[in-house]
Amino acid sequence: MIECKNITKVYKNGDEETTVLKGVSFKIEDGEFVAITGPSGSGKSTLMHILGCLDTPTSGSYFLDGRDVSKLSDNQLADVRSNQIGFVFQSFNLLSRTTVMRNVTLPLVYSGVPDAEHDGRAAQALRAAGLPEERWNFKSNQLSGGQIQRVAIARSLVNNPSVIMADEPTGNLDSKTGEIVLGTFQQLNKEHGATIILITHDSDIAHHADRVISIKDGLIIEDKKNTKQKVVDHALL
Amino acid sequence: MTIKNLYRETAAALLSNKSRSGLTVLGIVIGIMSVIVMLAVGNGTSSSIQSSIQGLGSNLLTVSAGAARGPGTQVRGSAGSAQSLTVADATAIQDRVSGVANVSPEVSSNQQIVAANANSNSSIYGVQSVYATVHNVEMQEGSFISDKNNQSLSRVVVLGPTLSQDLFGVGAEAIGQTVRFNNLEFTVIGVTKAKGGSGFTNPDSAAYIPLSTAQQMITGNQFVSSIAVEAASADVSQSVQDGITSLLLKRHNITDSTKADFNIQSQASLSSTLSSITTILTYLLAAIASISLIVGGIGIMNMMLTTVTERTKEIGLRKAIGAKKRDISMQFLAEAVALTMVGGIIGVVLGYLISYAVTLTGLLTATVTTSSVLLAVGVSAGIGIVFGYFPARRAANLNPIEALRYE
């Protein structure tokens with residue numbers, strides 16, 4: 001469960017201060033699929049960095065599974081990222097010329113999971129992400145964009161995180177492949193109960209989630225259930 | 001991160017760019033290899049110098065006639081120019097100084113030696129039979145000057161091999177032939193074995209005649225030019241030198257040792273001077289070689305910095321999925337150390353092979369010492385840590401958000 005209370009973020013550049021987040025509060029329950037949307041410069045990326053424990057807020061508090069993580073040190077944040085958060089990025093960020101299996105097991109190296117469990121955990125995550133088994137020993141540069149993003153999704157799942165942060169996950173994909181990736185998220189949410197936060201500037205993509213939080217100029221302007229959720233056809237997957 | 005995982009990450013990273021890793025390793029290989037070869041050649045040179053000094057006659061002291069050089073004076077009469085040493089002095093040294101093994105009084109003179117078809121200007125030494133023992137003279141054919149030759153004032157001569165060839169030609173029978181010098185005829189009774197020029201004279205082009213004959217018929221007096229004294233061992237050579245000094249001062253009635261009419265040169269002092277020179281040369285060679293080691297280390301740092309920049313996004317990702325600063329710095333440090341260790345090992349092997357090849361040429365025996373190998377390996381590991389530390393720290397301190405955005 002995620003709870004943000006009056007989060008602000010101020011960047012200092014010399015004497016100039018820029019307030020990017022001006023007091024943001026919301027709650028995300030376990031098992032929700034939430035889209036955070038807004039135009040560029042709205043502060044959604046900054047919010048994502050704070051929610052993903054890559055950054056800490058200037059003021060306010062952020063509870064992740066009941067623990068205040070807004071004032072942790074770099075190393076403590078690394079532990080939180082390792083065990084409770086999975087990332088999916090726009091530019092995939094797989095290790096190049098490296099097999100799918102090794103890419104997916106990479107987070108396990110840092111979270112101290114014994115080597116013997118690596119392959120089993122990776123297989124489980126890859127199955128959940130829907131990557132066909134015959135591709136598991138391919139190298140990352142031998143896969144298509146959609147397959148690469150599924151590997152990245154599997155990587156985000158492998159540590160059984162509390163929440164998956166997907167930052168413009170379809171930004172580098174064509175719309176059909178994008179649909180497949182969004183369908184994968186919906187499936188993970190419905191069938192595995194994964195908590196997913198989707199960050200996007202595209203309201204069409206945001207409508208694949210079942211709740212949409214809109215941000216503008218550092219403030220939440222709308223936070224509502226998505227009644228017209230676009231469900232991706234299972235046949236596509 | 002476990003050691004096993006660290007090892008696997010390092011291997012994967014280095015193998016993903018084989019040619020660049022290979023070239024970086026090459027820098028270290030050349031550095032380590034040249035340090036090892038230079039030290040081996042240096043050691044070989046100094047031991048071959050040591051052994052050629054030994055070849056001149058071990059534990060040898062040379063007492064030569066002539067005033068010792070006074071303080072502040074640069075000019076000195078040539079050895080033998082002063083007439084102060086006699087055969088009696090030599091006998092006294094043999095009888096009265098303890099630790100003396102052999103004493104060889106010698107007269108030297110330069111003469112034009114004339115054979116039937118050739119002539120040569122050579123050093124002629126008037127010697128006793130003990131000369132052969134003291135100076136390690138071995139015979140190629142015939143025999144050396146004997147005590148009997150000395151007693152009977154024989155006009156016989158022993159030639160060095162080069163001189164023999166100059167006078168009679170290559171391969172010609174020298175024994176029994178006659179040579180002339182100082183208007184006297186001498187019969188050749190032996191030719192010495194080639195010894196090679198070492199020190200400041202070449203024994204291969206010298207000629208030896210009986211000491212008594214030299215005194216009677218060439219110098220015309222009973223003085224000797226020098227007395228070679230062989231100490232029983234290297235340890236006593238200093239005390240023998242002191243003993244000879246005080247004995248000769250007393251015999252020559254000189255109270256002030258600075259006014260001695262003789263001086264003593266020891267092989268030991270020459271040997272220690274030369275060995276300190278060769279040690280300095282060895283270190284100089286190693287210092288020059290270590291410059292290439294430093295250049296190799298800078299190559300590693302350069303490659304690691306490039307790698308950190310190139311892999312900024314990867315570092316960002318690793319941090320995002322939970323890598324701590326320590327994990328990142330360990331990984332990059334491990335890559336640098338792995339490069340230098342691989343380079344170090346190849347360098348040591350090549351260093352051995354090249355030293356062996358140098359030895360095979362027969363010029364000198366290049367000996368690779370364990371200490372030089374340990375030094376090289378230690379230095380290479382040290383270079384990996386020193387030159388890898390800065391890039392590793394830079395990688396570890398990257399901000400994950402900026403690193404992920406880096407294009």
Side-chain angles (χ1 to χ4, degrees), chain A residues 9 11 45-46 48-50 52-56 73-99 102-116 118 139-141 152 154-159 161 164-165 167-168, chain B residues 1-22 303 306-335 338 392-407:
Chain A
K9 183 70 185 178
Y11 287 108
S45 290
T46 306
M48 193 224 47
H49 293 146
I50 291 169
C53 289
L54 289 165
D55 207 349
T56 49
S73 69
D74 279 359
N75 275 344
Q76 289 169 319
L77 285 175
D79 274 335
V80 172
R81 291 198 297 270
S82 173
N83 297 313
Q84 290 171 268
I85 293 167
F87 283 100
V88 178
F89 300 99
Q90 177 175 359
S91 53
F92 321 126
N93 285 328
L94 295 196
L95 298 183
S96 58
R97 285 170 293 200
T98 307
T99 61
R102 239 178 63 77
N103 265 294
V104 175
T105 52
L106 192 61
L108 303 174
V109 167
Y110 296 112
S111 60
V113 171
D115 281 8
H118 284 196
K139 294 201 168 163
S140 51
N141 44 335
R155 183 179 63 196
S156 75
L157 292 172
V158 78
N159 264 334
I164 293 167
M165 311 282 309
D167 184 14
E168 301 277 9
Chain B
M1 187 142 75
T2 61
I3 295 291
K4 192 181 156 201
N5 284 322
L6 182 65
Y7 169 77
R8 210 160 47 190
E9 293 291 323
T10 305
L14 294 180
L15 293 177
S16 76
N17 204 333
K18 290 192 192 71
S19 55
R20 189 165 64 190
S21 303
M303 175 192 159
T306 313
T307 308
V308 169
T309 310
E310 252 176 28
R311 284 158 67 192
T312 299
K313 261 196 121 135
E314 179 197 319
I315 294 163
L317 169 82
R318 286 176 187 274
K319 290 194 128 186
I321 62 175
K324 297 190 175 74
K325 275 188 183 182
R326 194 174 153 273
D327 295 324
I328 301 288
S329 62
M330 284 296 286
Q331 186 186 339
F332 281 85
L333 206 52
E335 284 177 29
R393 212 187 53 158
R394 175 182 279 196
N397 285 338
L398 282 174
N399 177 321
I401 298 169
E402 280 160 26
L404 279 167
R405 274 202 203 119
Y406 185 87
E407 287 303 330

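Here is the naming used below: chain letters follow the sequence lines, and residue numbers restart at 1 for every chain. Computed from a predicted structure; not experimentally measured.
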Part of A:Asn93 within contact of chain B (heavy atom distance under 4.5 Å): both

At a 4.5 Å cut-off on heavy atoms, which part of B:Ala320 comes close to chain A: side chain, backbone, both, or neither? both

Measure B:Gln331 against the heavy atoms of chain A and call it side chain, backbone, both or neither at under 4.5 Å. side chain

Close approach to chain A in residues 2-10 of chain B, criterion heavy atom under 4.5 Å: B:Lys4, B:Asn5, B:Arg8, B:Glu9

Of B:Lys319, B:Arg318, B:Lys325, the largest count of non-hydrogen pairs under 4.5 angstrom with chain A goes to B:Arg318

Do B:Leu317 and A:Phe89 have side-chain heavy atoms sitting under 4.5 Å apart? yes

Has B:Arg20 got more than 12 heavy atoms of other residues, nucleotides or ligands less than 6.0 Å from its CZ? yes

With only heavy atoms counted, which part of A:Asn83 is less than 4.5 Å from chain B, the side chain, the backbone, both or neither? neither

Distance, nearest 0.5 Å, that separates CZ of A:Arg97 from CG of B:Asn17: 6.5 Å

Between B:Gly322, B:Gly316, B:Pro400, which residue shows the highest count of heavy-atom pairs closer than 4.5 Å to chain A? B:Gly322

Give, for atom NZ of B:Lys324 and atom OG of A:Ser73, the distance between the pair rounded to the nearest 0.5 Å. 9.5 Å

Just give me the residue among B:Asp327, B:Leu404, B:Ile401 that pairs up with chain A most often, heavy atom to heavy atom, under 4.5 Å. B:Ile401

Atom NZ of B:Lys313 with >12 non-hydrogen neighbours under 6.0 angstrom: yes

Heavy-atom side-chain proximity of A:Leu95 to B:Arg311 below 4.5 angstrom: no

Toward chain B, the part of A:Ser156 with a non-hydrogen atom under 4.5 Å: neither

